[in-house]
Amino acid sequence: MTKSAIYLRESATGKHVQATLCDEVSDEHLKMWEAPWRPAMEAHCAKRTYHDTPEDAHWDWKTKATGWRSMVSSHSFAIVCRAELQGLMWASDIESARLAAQFGKPLVYVKYLATAPWNRPEVQKPPRYRGVGTVLIAAAMQLSLDLEYEGRIGLHSLPAAERFYQNTFGMRALGRDAACEDLMYFEMTEVQAKLFHRDRRKL
């Protein structure tokens with residue numbers, strides 16, 4: 001497992017705090033998901049209707065890990081800050097691009113991405129940390145670069161996250177996919193990946 005120092009913004013102070021990006025979700029990370037992440041999500045959902053809960057509230061990351069650990073094409077990532085799990089991502093490296101300009105070229109497909117309940121404005125105001133999702137998508141782009149896929153990534157977005165992928169990364173929406181629960185499919189091109197990394201270096 002490789003660990004990299006990254007930074008998240010602490011909402012309460014506005015300061016950047018150091019965190020760790022791990023390129024493998026370990027058993028220890030899954031224990032952190034089981035507590036306190038999972039209980040916090042369950043507590044938030046307890047008095048709400050199904051339609052008023054986070055769209056990924058039902059995701060069982062322990063079960064998902066059983067699936068990705070059996071596939072050599074899978075890649076998993078975790079972010080830890082101050083001994084607590086802040087975000088998780090599962091990606092695959094065997095998908096192909098759909099956008100006409102890069103059709104058929106390999107890309108990194110982000111299967112699942114989630115941030116801890118306390119980092120979501122709809123769960124906690126203000127959220128504890130900002131930037132978790134951005135760091136994880138940047139990690140997917142870096143994986144794509146490492147695989148010589150030129151930064152190309154693709155994903156199906158939950159409805160509540162569509163603006164995030166469009167506004168933060170400028171990803172192209174290619175329409176709703178009837179084969180994937182009618183979710184909107186997004187892709188990032190080589191050019192968009194280069195622009196994103198260029199702008200991040202300016203920060």
Side-chain angles (χ1 to χ4, degrees), residues 1-8 20-26 29 55-56 59 61 63-79 86-115 131-203:
M1 180 194 302
T2 300
K3 298 181 179 181
S4 305
I6 53 99
Y7 290 87
L8 305 174
T20 302
L21 172 68
C22 305
D23 67 354
E24 179 184 345
V25 174
S26 67
H29 295 137
E55 294 162 328
D56 63 322
W59 288 0
W61 281 92
T63 299
K64 293 185 187 304
T66 301
W68 77 58
R69 286 175 174 173
S70 65
M71 295 183 286
V72 296
S73 60
S74 289
H75 305 265
S76 60
F77 297 83
I79 294 177
Q86 308 299 335
L88 290 166
M89 182 174 69
W90 172 16
S92 170
D93 64 21
I94 59 172
E95 303 294 331
S96 299
R98 305 181 186 182
L99 189 64
Q102 55 191 30
F103 185 80
K105 293 182 179 180
L107 54 68
V108 167
Y109 177 75
V110 177
K111 289 179 174 286
Y112 297 99
L113 184 155
T115 62
V132 174
T134 301
V135 169
L136 289 171
I137 290 296
M141 281 189 277
Q142 186 59 54
L143 173 62
S144 178
L145 291 168
D146 293 343
L147 294 170
E148 299 185 353
Y149 294 176
E150 307 298 334
R152 294 185 297 272
I153 65 172
L155 57 87
H156 286 87
S157 173
L158 293 174
E162 290 177 10
R163 289 186 180 181
F164 170 67
Y165 296 118
Q166 287 181 311
N167 298 343
T168 304
F169 304 99
M171 295 180 74
R172 291 283 301 276
L174 302 186
R176 302 202 175 277
D177 190 344
C180 191
E181 301 180 7
D182 212 33
L183 297 177
M184 185 66 73
Y185 178 72
F186 289 89
E187 277 190 10
M188 173 167 279
T189 66
E190 302 166 15
V191 173
Q192 291 167 333
K194 289 177 181 177
L195 289 173
F196 178 79
H197 281 290
R198 182 199 66 185
D199 292 343
R200 279 178 68 86
R201 287 195 292 269
K202 293 179 180 179
L203 298 178

At what distance, to the nearest 0.5 angstrom, does [atom1] of [X] lie from [atom2] of [Y]?
X      : Y      : atom1 : atom2 : value
Ser74  : Lys111 : OG    : NZ    : 6.5 Å
Tyr112 : Ser76  : OH    : OG    : 14.0 Å
Phe164 : Leu158 : CZ    : CG    : 12.5 Å
Leu143 : His75  : CG    : NE2   : 5.0 Å
Glu150 : Lys194 : CD    : NZ    : 6.5 Å
Tyr149 : Ser96  : OH    : OG    : 8.5 Å

Contact between [X] and [Y] at the side-chain level, heavy atoms closer than 4.5 Å - yes or no?
X      : Y      : value
Leu99  : Leu174 : yes
Met188 : Gln102 : no
Val135 : Ile79  : yes
Trp61  : Val25  : no
Pro106 : Arg152 : yes
Leu113 : Leu88  : no

For the student: nearest non-hydrogen atoms of [X] and [Y], plus distance:
X      : Y      : answer
Pro159 : Leu183 : CD-CD2, 4.0 Å
Gly133 : Thr115 : N-CG2, 3.9 Å
Asp23  : Thr2   : OD1-N, 2.7 Å
Leu107 : Ala97  : CD2-CA, 3.5 Å
Met89  : Leu136 : CE-O, 3.1 Å
Gly170 : Gln192 : O-NE2, 2.6 Å

*Would you check, one step at a time, whether the test salt bridge (Lys or Arg N to Asp or Glu O under 4.0 Å) holds for Arg176 with Glu162?*
CA-CA 11 Å; Arg176 302 202 175 277; Glu162 290 177 10; 3.1 Å; yes
*Does NZ or CZ of Lys64 come closer than 6.0 Å to the centre of the six-membered ring of Trp90, within 45° of the ring's axis?*
no
*Sort and list the pairs that fulfil salt bridge (Lys or Arg N to Asp or Glu O under 4.0 Å) and have at least one residue in residues 95-105, not counting sequence neighbours.*
Arg98-Asp177, Lys105-Glu190
*Hey, is the main chain of Tyr165 close enough, under 3.5 Å, to the side chain of Thr168 for a donor-acceptor pair?*
no
_Expected output: side-chain Ser144 to main-chain Val108 donor-acceptor under 3.5 Å_ = no
*Using the ring of each side chain (for Trp, its six-membered ring), is Tyr185 parallel, tilted or perpendicular to His156, with breaks at 30° and 60°?*
tilted
_Steps toward side-chain contact (heavy atoms from CB on, under 4.5 Å) verdict (Ile153, Glu187)_ = CA-CA 6 Å; Ile153 65 172; Glu187 277 190 10; over 6 Å; no
*Would you please indicate if the ring centroids of Phe169 and Phe186 are separated by under 6.0 Å?*
no
